[in-house]
Every structure is written in C-alpha cells, then in structure tokens.
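Proteins come first, then strands; the chains are lettered A, B, ... in the order of their sequence lines, and each starts at number 1. Computed from a prediction, not measured in an experiment: that's the story for all the values here.
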Amino acid sequence: MELNELTNASGEWLRGAGPESDIVISSRIRLARNLADFPFLSRATEADRSAIEQILQEAIASLMKNEKLDPNTLYLKVGEIDQLDRTFLVERQLISRELADATGARSVVIDPQEKYSVMVNEEDHVRLQVMQSGLNLQAAWEQVNRLDDLIEEHVVYAFSDRLGYLTACPTNVGTGIRVSVMLHLPALVITRQIEKVFKSLQKISLAVRGLYGEGSQAMGDFYQISNQITLGLTEEELIAKVADIVPVLIDYERQARDFLIRESHETLHDRVSRAFGILRTAQTISSEETMHLLSSVRMGLNLGLIGDLQIPTINKLFVHTQPAHLQKLTGNDLDSAARNIERASYLRKHLDGSKPNGPTQN
Amino acid sequence: MLKCQKCDRQATFHITDLIDGKPKELHLCEDCAQNFLTPSEEDTSDVMPAMAGLLAQHLAVGETADQLARLDQMRCPVCSITFLEFRKQGRLGCPHDYEFFSDELEPLLMNIHDQTHHIGKVPKRCPKGADQQTQLIRLRREMKEAIASENYERASQIRDEVKAIEVQLKTAEDGE
C-alpha cells in the first residue's frame, strides 16, 4: 500500500460507528516496549537506532510473509517522507508529533484499515497502538495484545519480573499501557461543567488531554481520558479503570444535552443552525473556527436539530480540514491564507451548501 | 579532498566502524563525526515538568547537598548515563538503569504508581539471558569508544565478545 492511498480514506477511529458513537469517538490502547539488547533512545547512537529499525522492519516483513499481518501493511521510514506527509500522519493520529519532529532513524507501520499503527524509535523502541471506533476497549485490548504477541515472536523485550516491561520513562513502566477514550463533550463545555468533571477525574488518577495528545488544546470539544498508572495493576484492571468511568461521563454529557434542549431549546437550535450556516457558506475559514463550528453541528445532528447529514461525514471533516490533509486532498502547497479559502470551499462542497459566489470557485 | 559522507564538507575523520563484525570505512567531517560517536541527545525542551518536579521533591527530602551531588554523579556501567542526566531529561538510558538506580527509583515509582511490583502481562519469551542482553549494550558502547580512541586492538577484542554473545543468544533462540 502507498501512503497516498490513505488520503481520501478516513480510518477506523473516524468511522462514527460502534457503541455510544454519538459521544465516544474512539477507543485506543497503546503499549510501550523496548528491545532488551539496546539502550533506550536517549542513549542510543544513530547506529543503534538503525539497528533497532532494521530488526523491527524484518519482524514486520516476516509477519506479512506468513500472513499474520495484512500483506498490504505499510512500512514507512518517517525520516524519508516529507514534512507535509509527516504532519498528515499526525493529524490522522497514526504517529505522534514527537515522532514526526524527531531526527534519526524512525518508522511507522500502518494497518491498511488504520486499525493499528506501530511507531519505531519514538520515546520507546516500539509503541503499538490499536484504534476502535466508539466505545470498544475490550476489542482494542484483544487486538493490541495479539499484535504484541506477534511482534514478540521476533524480538526479545526488556522485561523484569519485578517491574514488568521496562520503559524509557518510569511513568510507563510495568504494563507500558495507555488506555484512552476520546469523547465529544460540547454540552458539558457549554454548561460550564467540564472543569468540575476534570477535577474529579484527576482525583482518581485519570488524565485528560485534547484531541492531539500531550499538551494539546481541546479543539472541537474533544477530550481524551486515559490512565496514568501503569504499574501494580493488570492490563484488565487498568482498562476497567477507564472503562468504568466512561459511562458516567456519557451520562453527564447526555444530561447536559437534555438540560439544554429543555431549558434553552431555541438558543441551542439557533447556535447549531448558525454554525451549520457558516460552514455551508463561508468563503474563508480558519482551522480553529471550523473545529468549533463542526462541534456544534455534530451535537445538533445527534440531537436531531439538523438533518440530511451523517456523523461519519462530520467526523471526516474534522480531520480532512486540518492543514496537511487539506493540502494533500487538493494537491497544492498552500500558505495559511490560501488554506483558509480552500478549507471554506471544501466545507461548502461537502456540506452541500448554497452554490459559492464568484466565478473562480469550484 | 575527500568529502564527508553525511554532508559536503571536507572529511577530516576517517573512522573504521565494525558493523556485524565487518570493518566499514567512514569518512566524516568533524561535526558529523561528533554526532556519530556520541549518543544522539533527545530534545530535552519538552521534558515532562511533572516528573522533574516529582524527582526534585523526592530528592530534596533527607538528602544533603553533598549526598545529592554524589548521587548525581552515579553513572550506569552499561549505558553510562548519570543520575543527573536522568533527572534533567526524565528519561532513563537503558533497561539496566532500573536495577542500578533501584534505590533512587523505588520511591519515585511509589509516588507515580502507588505500587512497585508488576502483576500484568509476562512476555512468552522472557529474556532468560537478560544479563547477556545487558552486556551487549555495554560492549557495543565500549567498542564504539575504543574505535573513537583508535584503540583498534581493544575494539576487535570487544567485537569478538559481542559476536560470541550474539551466537549464544541465537543458539538459545533456535533451540526453543
């Protein structure tokens, strides 16, 4: 498979299907692993990095040959693709910003359906992640556990009986697992309850992040809830810690939506309709405003305030209007101002808005 | 003039590296040679501040400045990271650090995870020869250093040791 084949697709996590998919965008589990016979990356020489990369590349090739992995699996050396493609992969959540911006030998393995990706030479030698649409942590765990077993047939991981899987950062040692669920919580934001929710999550040692991981702003009212502890509990217990809290958050968000419908139906309907109106007619629009408005439209759609649209379409627009996606989709290298014009045009086309003004539009 | 193989400047360093036990000639300029010979430093600008804070907090309790300075100078014999470097980056240098710095890490792990023992998944192929894997990390580093100081005799001795361990590990693996 080629990288460009991913451009028009949208990947598992945006499929908009699965349990509770009106509020839960995706479930994701990642495992951090290191090879036993190499230093961690902070002490690795370029020769070490290349050797690690080669070992993993051979392991993946062998798994593909034995049909244990899809023969169309994509293996990309991140240092050999251009900046736009790297940003594209970050927007698509297939690699981290850290891997994109690093230097030296590093790679990513991508499943053709984008259900999993494996980062090589990120913070740890190997980081496996599995994505599932909607709330489906059990399936994500089964898949990532199997993938881990498959790769382990070909490598020896750094592991100690006492501390478990050894990782570059002591915050990941033990299981090396991060269980995260991405939620769309616009009503909790509108009703100003979101801060309260976060504080209570922190008390039970769960972390909250924005859409694009570490330190990212919560764009479009998307929030990722994940475990912080990785040691001293089993993987199943750590998954349960996150899985148990998600229904509570879903319930809070539903209550907030009910409250808005009940107490300020017109205001909410107006907000959603205006957002939809702007997205269908704007001639130039920033990525930030797009995310903000799409968030309202997504909620309005789930509440039946607007029709004629599908959730997967909206999910796809969140990502396809990001800078690198937009440039790859239109095949043009665009500066920020040109991107805003192109983004507006793209939105009008996909939201089937009124025909654009002016002769130069398509 | 011989050009550097990594950039276009004049190559002033002529290094013989041993890759898979075979010598490989490398011609590099001073900067590229430096990069080649020293471990690539990860960008430390985005070090997790939470962890740095946690470490500072834990170390401040009951450690005098002298003790702290001595602790900071402790150096892992396998990857050669010092405790100070770990404190600054928030990242360890090799799996052996968990053993070498275990006294210092234990309270930190307790602080982060509230636990110090793993009870989760165990790999099917537990590294029986973890000592050997650790030795490989150390020997490869020492080989690189021997080459850098042009001590080729020592480098080739180490190369033989590395090879012997690799063969042992391979045999153990095939015998499974």
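Nearest approach of A:Thr45 to B:Lys144, heavy atoms of both residues: CG2-CD, 4.1 Å. The two atoms that bring B:Ile119 and A:Thr234 nearest to each other are O-CG2, 3.5 Å, heavy atoms only.
Contact of the A:Ser42 side chain with the B:Phe86 side chain is not registered, since no non-hydrogen atoms from C-beta on lie closer than 4.5 Å. Side-chain contact check for A:Asp148 versus B:Lys121: some heavy-atom pair is nearer than 4.5 Å. Using a 4.5 Å heavy-atom threshold, the side chains of A:Phe38 and B:Pro95 count as separate.
Shown here is A:Gln54, whose CD atom has no more than 12 heavy atoms of other residues, nucleotides or ligands within 6.0 Å. When the shell of 6.0 Å around CD of B:Glu145 is examined, it contains more than 12 heavy atoms from other residues, nucleotides or ligands.
Heavy atoms of B:Leu109 lying under 4.5 Å from chain A belong exclusively to its side chain. Using a 4.5 Å cut-off between heavy atoms, A:Val173 contacts chain B through both its backbone and its side chain. Residue A:Glu237 touches chain B through its side chain alone, counting heavy-atom pairs closer than 4.5 Å. Heavy atoms closer than 4.5 Å to chain B are found nowhere in A:Ser205, neither backbone nor side chain. Neither the backbone nor the side chain of B:Arg138 comes within less than 4.5 Å of any heavy atom of chain A.
Both the sub-6.0 Å distance and the 45° axial angle are not jointly satisfied by A:Arg162 relative to the ring of B:Tyr98.
Note on A:Leu35, A:Leu233, A:Ile177, A:Asp101: by heavy-atom pairs under 4.5 Å with chain B, the leading option is A:Leu233. When A:Thr175, A:Asp48, A:Asn34 are compared by the number of non-hydrogen pairs under 4.5 Å with chain B, A:Thr175 comes out ahead. Contact count versus chain A (heavy atoms, under 4.5 Å) is highest, among B:Val78, B:Leu92, B:Thr116, for B:Leu92.
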Review point. Could you go step by step and tell me if A:Arg43 and B:Arg91 meet the side-chain contact (heavy atoms from CB on, under 4.5 Å) rule?
Key: CA-CA 10 Å; A:Arg43 304 299 287 178; B:Arg91 305 280 190 275; over 6 Å; no
Review point. When you look at A:Asp37 and B:Arg140, which way does the side-chain contact (heavy atoms from CB on, under 4.5 Å) test go after all the steps?
Key: CA-CA 10 Å; A:Asp37 53 351; B:Arg140 288 202 199 100; 4.0 Å; yes
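In this structure a side-chain-to-backbone donor-acceptor pair under 3.5 Å is missing from B:Gln133 to A:Ala158. A side-chain donor-acceptor contact under 3.5 Å links B:His113 to the backbone of A:Pro170.
Here the CD-CG distance, from B:Gln115 to A:Leu231, works out to 7.0 Å after rounding to the nearest 0.5 Å. The CD atom of B:Glu99 sits 8.0 Å away from the OG atom of A:Ser160 when rounded to the nearest 0.5 Å.
Contact check on A:Asp149 versus B:Lys124 returns a salt bridge, with a Lys/Arg side-chain nitrogen under 4.0 Å from an Asp/Glu carboxylate oxygen.
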